[in-house]
There are 2 protein chains.
Amino acid sequence: MSQSDRTPRVRLVDVARAAGVSKTTVSDALNGAGRLPAATREHVQKVARALGYRPNATARLLRAGHTRLLGLAAREYVETPWVYADLAYFSQIVTATTRAALAHGYGVVLLPTYGPDDCWLDIPLDGVFVIDPVEGDPMVRDFLAAGVPVVSDRRALAEVPGEARAAGGWVDFDNDAAVRQVLDHLEEAGAERIAVVAGATTACFHQQSVRAYHDWCAERGRAPRIACLPAPGVEQTLQAVTELLAAPVPPDALFTLVELSTPLLLDTIRRLGRSVPGDLLLVCTTEDPAASYTDPPISTLSFLPGETARAAVELLVDRLDGRGGDDGRLFSADFRIRASSAAPGGGRGGGDRAARPG
Amino acid sequence: MSQSDRTPRVRLVDVARAAGVSKTTVSDALNGAGRLPAATREHVQKVARALGYRPNATARLLRAGHTRLLGLAAREYVETPWVYADLAYFSQIVTATTRAALAHGYGVVLLPTYGPDDCWLDIPLDGVFVIDPVEGDPMVRDFLAAGVPVVSDRRALAEVPGEARAAGGWVDFDNDAAVRQVLDHLEEAGAERIAVVAGATTACFHQQSVRAYHDWCAERGRAPRIACLPAPGVEQTLQAVTELLAAPVPPDALFTLVELSTPLLLDTIRRLGRSVPGDLLLVCTTEDPAASYTDPPISTLSFLPGETARAAVELLVDRLDGRGGDDGRLFSADFRIRASSAAPGGGRGGGDRAARPG
DNA sequence: CCCTTGTGCAGGAACGTTCCTTCACGAATA
DNA sequence: TATTCGTGAAGGAACGTTCCTGCACAAGGG
């Protein structure tokens with residue numbers, strides 16, 4: 001009943017019967033294999049075309065032993081899958097994963113993140129890329145147990161005990177270094193009261209970043225000024241910024257970790273009567289290219305979703321093809337200093353240059 | 001070699017042998033089928049768990065006759081697949097398709113859009129959602145020929161001759177009506193020289209919209225002012241806007257059809273010395289929620305990618321489950337009038353109200 | 001004339017499931 | 001005692017491919 005028509009699809013044997021040859025001959029003729037004279041080959045092809053024969057993909061896969069399908073799952077807010085794919089970071093991850101996979105002859109399946117038991121195992125996959133896995137992630141566990149190689153974007157979680165480890169790879173960022181780099185830069189530019197806007201999610205990124213910020217503040221004896229958003233959204237984010245800036249002694253620098261329309265943020269800050277970078281230095285974590293076209297251009301921190309995804313797919317494909325390469329790859333975030341965080345004295349900034357750690 | 005380990009995976013028969021029962025018993029015990037006493041069932045389950053047995057997904061699918069996998073393909077700029085998934089429209093289509101599919105127990109495969117011959121047929125799919133198919137699209141043809149139901153977002157292309165038609169569905173917009181609605185609104189608000197920014201792509205949306213604009217202008221004896229972008233990108237778009245506004249007799253209204261950061265556009269217009277809506281009325285085609293938070297809020301035209309995708313999936317799923325419902329669904333775009341296109345006299349606008357045609 | 005070598009194809013075993021059919025056996029009924 | 005009946009489980013045929021093996025026949029060499 002699943003097939004819309006009740007005509008039961010023409011199979012290989014049907015072609016064979018119609019052409020008066022065996023299954024083998026048909027298969028060989030259509031796949032360009034075996035030793036067949038051109039005449040036979042063409043005859044079979046003609047018959048197959050006449051009958052409208054199309055090979056059954058599932059049967060081929062069963063025979064082949066692999067599916068050329070890679071799974072992609074985002075494990076943040078598991079109960080509402082793919083809601084955050086609207087964010088530029090996820091969107092670019094999806095795009096880049098797909099493009100890289102296709103370049104290697106693989107398709108990409110967007111996976112369910114919750115559901116009855118281990119329902120994801122019903123999908124025939126050769127490998128999986130898991131974004132933001134949680135501690136002891138059941139999905140990761142299931143796939144590894146099923147012998148499906150997993151690459152995640154958190155190296156900490158790839159360190160599972162025992163033999164399963166051999167099948168897990170990772171790509172990751174030096175998150176601490178990135179956050180510190182931004183904070184150091186702001187301090188150097190004269191900032192004394194740096195405020196941070198983060199998200200209260202299960203994503204390692206936010207948790208790690210917030211911790212790094214607290215550590216950095218503690219080392220300098222500064223009081224952290226932080227707003228943690230329970231959920232993403234334009235309204236909430238702008239609200240948080242407004243509140244931060246309304247403090248009795250307002251911050252002189254703002255570092256956002258949540259994704260947001262940067263031109264809109266700039267505009268909002270202006271409407272609150274503060275100028276960038278005059279009154280407030282600004283650095284945004286974002287993948288939005290619009291950031292470099294604002295006035296002033298905004299300093300950005302990017303976690304290179306495209307490169308991450310590409311690397312993850314390469315890792316996975318290498319592993320699938322038996323080329324056991326590295327266990328993982330560590331990236332550095334891409335910090336681009338622009339006018340929005342230039343020193344008041346004018347000693348820095350104005351340009352559009354990338355800074356890389358150590 | 002494809003499987004990373006050379007341990008050849010434990011199969012159903014292996015469990016059967018180890019448990020001292022037959023394949024049937026194992027299958028029934030694990031799937032909760034058949035008539036088995038609890039003791040046997042538990043014994044088999046224990047053995048299976050001990051051996052680390054995981055059923056082979058491909059084999060199940062072959063047996064089941066369906067894959068619970070839906071394909072998603074964007075046919076715009078076929079040679080560079082998924083580059084435009086960064087755009088909010090595509091991104092939301094992908095998100096909504098995936099969520100709707102998962103809700104019905106289907107996974108989503110992001111399809112290749114080019115490649116050797118009909119390579120997409122190697123992927124085991126139950127149905128396909130094709131965005132922006134081109135005329136006589138080979139992908140659509142291939143899938144229909146292979147008996148895989150196709151839903152596209154262009155009703156014009158679903159009208160293929162003959163019996164194949166029964167397998168194609170569509171969701172679409174009344175594009176002309178939407179464009180005219182915006183133009184009429186701008187005219188009513190006092191605009192006399194409406195300029196349009198469109199993209200030069202194969203997407204029906206742009207072509208149809210441009211045609212509608214030309215027709216509308218012709219009916220009124222107005223000269224069309226249009227900028228067609230060869231490629232999307234912040235730089236190009238802002239450049240086009242700058243040029244349009246630099247005309248000797250500049251436009252008094254702007255209607256953008258390409259996706260763009262709306263706060264950035266507003267900012268750019270201001271930097272060119274024009275005020276919105278005072279000097280220039282503004283309506284943007286966008287899916288970006290930031291548009292309602294700018295100052296002034298921007299009037300937007302949305303093609304509801306989320307609802308489109310949901311409808312497409314419903315259509316597909318209905319067809320797959322034998323519930324032959326409609327052939328398609330026609331949507332109306334969502335035009336929201338805000339202050340950016342309010343009449344100079346102040347007669348209109350300021351609010352945030354939706355307008356629907358008809 | 002027999003043995004090799006090569007060509008053209010057929011048969012059938014995989015791939016790993018599910019599920020339909022059958023069969024044995026003990027208990028209940030006639 | 002001979003017939004039903006229900007329970008528990010085995011056997012094997014699908015699902016639709018691919019590909020290994022092997023057979024028949026013809027041509028060539030000794």
Side-chain angles (χ1 to χ4, degrees), chain A residues 1-3 7-44 47-48 51-68 121-126 146-148, chain B residues 1-3 7-44 47-48 51-68 121-126 146-148:
Chain A
M1 284 310 111
S2 162
Q3 299 291 8
T7 52
R9 292 299 312 280
V10 34
R11 300 157 304 163
L12 193 71
V13 275
D14 300 324
V15 177
R17 257 194 287 273
V21 295
S22 74
K23 295 183 304 173
T24 309
T25 306
V26 176
S27 179
D28 286 350
L30 297 181
N31 295 332
R35 334 170 269 210
L36 296 181
T40 310
R41 209 175 284 275
E42 284 160 18
H43 172 232
V44 170
V47 172
L51 291 183
Y53 167 73
R54 304 283 169 155
N56 177 295
T58 312
R60 304 184 91 159
L61 297 185
L62 178 59
R63 194 67 243 267
H66 59 249
T67 63
R68 305 267 144 196
L121 288 184
D122 289 345
I123 302 175
L125 299 174
D126 279 354
V148 178
Chain B
M1 285 306 113
S2 162
Q3 299 293 8
T7 52
R9 292 299 312 280
V10 34
R11 300 157 303 161
L12 193 71
V13 276
D14 299 325
V15 178
R17 257 194 286 274
V21 296
S22 74
K23 294 182 306 172
T24 309
T25 306
V26 176
S27 179
D28 286 350
L30 297 180
N31 295 332
R35 335 169 266 209
L36 296 180
T40 310
R41 209 176 284 277
E42 283 159 17
H43 172 232
V44 170
V47 172
L51 292 183
Y53 167 73
R54 304 283 168 154
N56 177 296
T58 312
R60 305 184 91 161
L61 297 185
L62 178 59
R63 195 68 243 269
H66 60 249
T67 62
R68 306 268 145 195
L121 289 183
D122 289 345
I123 302 176
L125 300 174
D126 279 354
V148 178

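All values reported here derive from a predicted model rather than from experimental measurement. Order of the sequence lines sets the chain letters (A, B, ...), proteins ahead of strands, with each chain counted from 1.
- Looking at heavy-atom distances under 4.0 Å, A:V13 makes no contact with the nucleic acid at all.
- For the pair B:R9 and B:R54, the tightest heavy-atom approach, listed with the atom from each and the gap, is NH2-O, 3.1 Å.
- A pairwise comparison of heavy atoms in A:R60 and A:P55 identifies NH1-CG, 3.3 Å as the closest pair.
- In this structure, B:K23 atom NZ and C:dG16 atom P are separated by 12 Å, rounded to whole Å.
- Within the 4.0 angstrom heavy-atom criterion, base atoms lie near B:L62.
- Look at B:T58 and you won't find any side-chain N or O under 4.0 angstrom from OP1 or OP2 of C:dT17.
- B:R11 comes within 4.0 angstrom of sugar-phosphate atoms only, judged by non-hydrogen atoms across all strands, and of no base.
- The residue B:T24 sits close to a base: some heavy atom pair falls under 4.0 Å.
- Using a 4.0 Å heavy-atom cutoff across all strands shown, B:D28 reaches no nucleic acid atom at all.
- Between the CG atom of A:N31 and the P atom of D:dC19 there is a distance of 8 Å, given to the nearest Å.
- With a 4.5 Å cut-off on side-chain heavy atoms, A:K23 and A:V26 do not count as touching.
- Regarding contacts with the backbone of D:dC19, every side-chain N or O of A:S27 stays at 4.0 angstrom or more from both OP1 and OP2.
- Nearest-nucleotide positions on DNA chain D place B:L36 closer to the 5' end than the other of A:A64 and B:L36.
- One atom, CZ of A:R41, and another, P of C:dG8, lie 10 Å apart when rounded to the nearest Å.
- Here A:T40 lies in heavy-atom contact (under 4.0 Å) with sugar-phosphate atoms only.
- Regarding A:L61, its CG atom lies at a distance of 21 Å from the P atom of C:dA14, rounded to whole Å.
- Between B:A59 and B:R35, the residue whose closest nucleotide on DNA chain C is further toward the 5' end is B:A59.
- In the model, A:T25 has a side-chain atom that pairs as donor or acceptor with a side-chain atom of A:S22 under 3.5 Å.
- A salt bridge does not link A:R68 with B:D122: none of the charged nitrogens is closer than 4.0 Å to a carboxylate oxygen.
- B:L12 comes within 4.0 angstrom of a base, heavy atoms only.
- Distance, A:N56 CG to D:dA14 C1': 14 Å, rounded to whole Å.
- Ranked by how close their nearest DNA chain D nucleotide is to the 5' end, A:Y53 and B:G20 are led by B:G20.
- Rounded to an integer number of Å, the gap from A:E42 CD to C:dG8 P is 14 Å.
- When rounded to the nearest whole Å, the span between CZ of B:R17 and P of C:dG16 equals 12 Å.
- Across the protein-nucleic acid pair, A:R9 atom CZ and D:dA14 atom P stand 20 Å apart, rounded to whole Å.
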